[in-house]
Structure formats: C-alpha cells, structure tokens
There are 2 protein chains.
Amino acid sequence: MTTPRPAPATTLAFDDAMERVREGGGRITRARRVLLEDLYDVGGRITAEELAERHDDIDLATVYRSLAHFEEVGVVEHVHLGHGPAAYRWSGARTIAAVCDHCGAVTDIPADELDALAARLDDRYGLRLSLGHFALSVHCPACS
Amino acid sequence: MTTPRPAPATTLAFDDAMERVREGGGRITRARRVLLEDLYDVGGRITAEELAERHDDIDLATVYRSLAHFEEVGVVEHVHLGHGPAAYRWSGARTIAAVCDHCGAVTDIPADELDALAARLDDRYGLRLSLGHFALSVHCPACS
DNA sequence: TTCTTTGCAAAATGTTTGCAGATAC
DNA sequence: GTATCTGCAAACATTTTGCAAAGAA
C-alpha cells in the first residue's frame, strides 16, 4: 500500500504563535520558546509532566504556567482523556481524540466526522461544539 | 421492606439495582442502600463529595468505594465534566452532558442525537461510542 | 529600571489505600 | 463465624499558588 502523505498537522505556524504570545502581553522567555518549539515539533498530545521531564531545567510549575498562557492566546489547547493528566497539543489540528474506556487507547478521528452533529447542536440547542477541549469515549475494536 | 419510590427517567429499576449489587458479590450495607436510594432519587448527576455531604455519617472514602462497586455492576455511571470532580448518576438515562467550556453550564441532550455519529464511528473505525462516560464540550448560548 | 517570569516549596483538589474494628450474611 | 465493608488517617496524583530571586523589555 502507498503511504498517504500526512495532512498538514496544523494550520498555525510557529512564528505566528510566537507573535501571539508576545501580543498577549507576554514575554518571550527561554522556557517559553523551548516549550513552544517542543509542542510544535511533537505535533501530537503531550502532558505537562512529560514536557517537564524532557526539559529538566524547566520546572513543572513553569510548564503549567506557560501552557496556561499559551492557551489564553490560543496557540495550544488541552483535552481531558478521561482519567489521568490533561494532554496538550499545538492548536489547529483537525482531529479529535476518541479514548477507549477500557484500555485508554487514543484514536484520532478527523474533526469533520462531527460536522453534522455540530450543526445539529447549534440548530436545536444553540450549543457550539468545541472541538479542541473535547474527547469522545469509546470502546476500541480490541476491547469490544 | 421495599420503599416504593417514584420512578425517575431511567430504564433501571431500583430493586433491580439492589439485586445487581448483591449478585456482584457485594453486601447490602446501610451505606450502600442509602447511597443507592439517594442516587436514584436525585435522578441527575451528583459528585462524590456532594453525596458525602448529604450523609455525614458516611465517609467520603466509603462513598467512592460504593460508587466504584455500583459502577462495576452497572447501576451507576460517571462522567468527567471537564475540570473538577467526576459526576455520578443512575444508569440508563438516555441523555448525555454538554458542558460549556467557558461557564461550566451543563445541558443535557437526548442521546439519540448521537446515533448517526455512533453508527459512523463503528462503521469506519470500529469504535463503539460509549454514551455513559462521555461529555461534549460546547459553548453555551450565553457564552457564544 | 520596571514589570514579568522563574524555581522552589507548599498548598489545594480530587481520589485511592492501609488498617483495625464493625457489620452482613 | 468469617469474609466483606466501614471510618479514619495517610498517601497519592494532578494542578495551583506565594514568594524571593532572575530575566526580558
């Protein structure tokens, strides 16, 4: 089989993110630059603790504070995957997490699978589905 | 004796739940009976801490352990509403929670709004959508 | 210089566990 | 009688906060 070319992982460029961090009233410190680079490079989801482990000159509290600032200016988002710590990733990915209730496996599914639901919720209840902060709970094939 | 209780919107009868608790290898203790009655009567979602507050002769640890046992035998289910504590409710309700990212307001929507999505996820990814343990993240009308 | 951010330690929050005594069966 | 359940206290996991020193603008 041919390996499909990966879709662009994000619509948010690295330099734009830096710009937003600055515009949000924040300073570009070494810790923030390093964390932002790492989040960008990782592409997928990562916990605050994992980030701190990868940069043992950056305190976990600093990681949390940086992530909070990044979220405020919209360059990262976090999701709660059931139990355990929150998972952070670079903004703009067009997938949402489906977490297996049983084994915890995370499957990413294209966000547009939810377009119909989103339209309906908006229509009938005035609710705007928020794709970033949201995980689906499922049973994966292996656990079904 | 069995206290007759008005039936809330669930497909699981109170006596059946008691039976399941017993069949699951569990004993019917005073704490369990009281908690089960309260969960049944409340109908909606409630946190472990709220349950403990309503019954100050029952320790919070006992509440958690009882809830865990109730979940094992399928008479209650819990959902993570974003931040904060998990919320428990009697099994069998056919609604799912939509939590406002911004203000935390919870709107219950009929579970069948998700039937189409569930069918599609099963079809395309082999994932079985799990309605119990699952909250949608939204912006409510007031916060939009 | 001035205001923000950092590291460290401590607190806050939500949940789980160990243990000795109480209770259901 | 005996295995399970309970209360209490302590541990645990994740996240937040206070504060003095370091760093960005």
Side-chain angles (χ1 to χ4, degrees), chain A residues 18-38 45-73 75-88 99 104 133 135, chain B residues 1-2 18-38 45-73 75-89 99 101 104 133 135:
Chain A
M18 279 296 205
E19 193 48 37
R20 284 207 218 166
V21 170
R22 202 185 333 256
E23 276 172 4
R27 293 178 178 181
I28 305 293
T29 64
R30 199 192 60 85
R32 284 177 177 182
R33 187 169 37 242
V34 168
L35 290 173
L36 219 43
E37 278 168 5
D38 205 16
R45 298 186 186 83
I46 187 169
T47 67
E49 186 154 40
E50 284 163 351
L51 275 170
E53 269 163 18
R54 292 161 65 111
H55 304 282
D56 68 350
D57 51 337
I58 304 178
D59 193 80
L60 182 56
T62 300
V63 173
Y64 276 110
R65 281 184 283 220
S66 301
L67 289 170
H69 182 66
F70 297 160
E71 289 209 86
E72 258 165 50
V73 301
V75 308
V76 312
E77 58 198 19
H78 79 270
V79 65
H80 301 277
L81 304 175
H83 303 164
Y88 294 78
V99 190
H133 190 219
Chain B
M1 125 185 192
T2 309
M18 279 295 203
E19 193 49 40
R20 283 207 218 168
V21 171
R22 200 183 337 254
E23 276 173 2
R27 294 178 176 180
I28 305 294
T29 63
R30 199 192 62 84
R32 287 178 175 181
R33 186 168 40 242
V34 167
L35 291 173
L36 219 43
E37 281 171 4
D38 205 15
R45 299 186 186 82
I46 186 169
T47 67
E49 185 153 41
E50 285 164 351
L51 276 169
E53 271 164 17
R54 292 160 65 111
H55 304 284
D56 68 351
D57 51 338
I58 304 179
D59 193 78
L60 182 56
T62 299
V63 172
Y64 276 111
R65 280 185 285 219
S66 299
L67 289 170
H69 182 66
F70 297 161
E71 288 209 87
E72 258 166 50
V73 301
V75 308
V76 313
E77 58 198 20
H78 79 271
V79 66
H80 300 278
L81 305 175
H83 304 166
Y88 295 78
R89 73 172 170 184
V99 191
D101 265 7
H133 190 220

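Not measured: the values here are computed from a predicted model. Residue numbers start from 1 in every chain, and the chains themselves are labelled A, B, ... in the order their sequence lines are given, proteins ahead of strands.
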I want to verify a distance call: between [options], whose nearest atom is closest to the [X] side chain?
X       : options                : value
A:Arg65 : C:dC25, C:dG7, C:dG14  : C:dG7
A:Pro85 : C:dT23, D:dA24, D:dT15 : D:dT15
A:Ser66 : C:dC25, C:dT6, C:dT4   : C:dT6

>> For a side-chain contact (heavy atoms from CB on, under 4.5 Å) check, start with the C-alpha distance between A:His78 and A:Leu67, then their side-chain angles and the critical distance, and finish with the verdict.
In response: CA-CA 9 Å; A:His78 79 270; A:Leu67 289 170; over 6 Å; no
>> Base of D:dA3, side chain of B:Arg27 - is there a donor-acceptor contact under 3.5 Å?
In response: yes
>> For a side-chain contact (heavy atoms from CB on, under 4.5 Å) check, start with the C-alpha distance between B:Leu36 and B:Met18, then their side-chain angles and the critical distance, and finish with the verdict.
In response: CA-CA 8 Å; B:Leu36 219 43; B:Met18 279 295 203; 3.8 Å; yes
>> With salt bridge (charged side-chain N to carboxylate O under 4.0 Å, His left out) as the rule and sequence neighbours excluded, what pairs involving residues 57-69 of chain B come up?
In response: B:Arg30-B:Asp57
At what distance, to the nearest 0.5 angstrom, does [atom1] of [X] lie from [atom2] of [Y]?
X       : Y       : atom1 : atom2 : answer
A:Arg22 : A:Ile28 : CZ    : CD1   : 4.5 Å
A:Leu51 : A:Tyr88 : CG    : OH    : 9.5 Å
B:His69 : B:Arg20 : NE2   : CZ    : 11.5 Å
B:His80 : A:Leu81 : NE2   : CG    : 10.5 Å
B:His55 : B:Thr62 : NE2   : OG1   : 12.5 Å

>> Let me spell it out: for each of B:Arg33 and A:His69, pick the nucleotide of DNA chain C with the closest heavy atom. Which residue's pick is nearer the 5' end?
In response: A:His69
> Between B:Tyr88 and B:Gly26, which is nearer to the 5' end of DNA chain C once each is assigned its nearest nucleotide?
Replying inline: B:Tyr88
Rounded to the nearest angstrom, tell me the gap between atom [atom1] in [X] and atom [atom2] in [N].
X       : N      : atom1 : atom2 : result
A:Leu51 : D:dT14 : CG    : C1'   : 15 Å
B:Glu49 : C:dA12 : CD    : P     : 14 Å
B:Ile28 : D:dC5  : CD1   : P     : 10 Å
B:His83 : C:dT15 : NE2   : P     : 13 Å

> Just checking A:Ala86: base, sugar-phosphate only, or nothing, at a heavy-atom cut-off of under 4.0 Å?
Replying inline: sugar-phosphate
Is [X] near enough to [N] that one of its side-chain N or O atoms lies under 4.0 angstrom from OP1 or OP2?
X       : N      : value
B:Thr62 : D:dG7  : yes
A:Thr29 : C:dT6  : yes
B:Arg32 : D:dC5  : yes
A:Tyr64 : D:dT15 : yes

>> Give me the atom names and distance for the closest heavy-atom approach of B:Pro85 to B:Thr47.
In response: CG-CG2, 3.7 Å
> Could you give the angle between the helix axes at the two ends of the helix from C:dT1-D:dA25 to C:dC25-D:dG1, with five pairs per end, rounded to 10 degrees?
Replying inline: 30°
> Under a 4.0 Å heavy-atom cut-off, which of residues 52-61 of chain B touch DNA chain D?
Replying inline: B:Asp57, B:Ile58, B:Asp59, B:Ala61
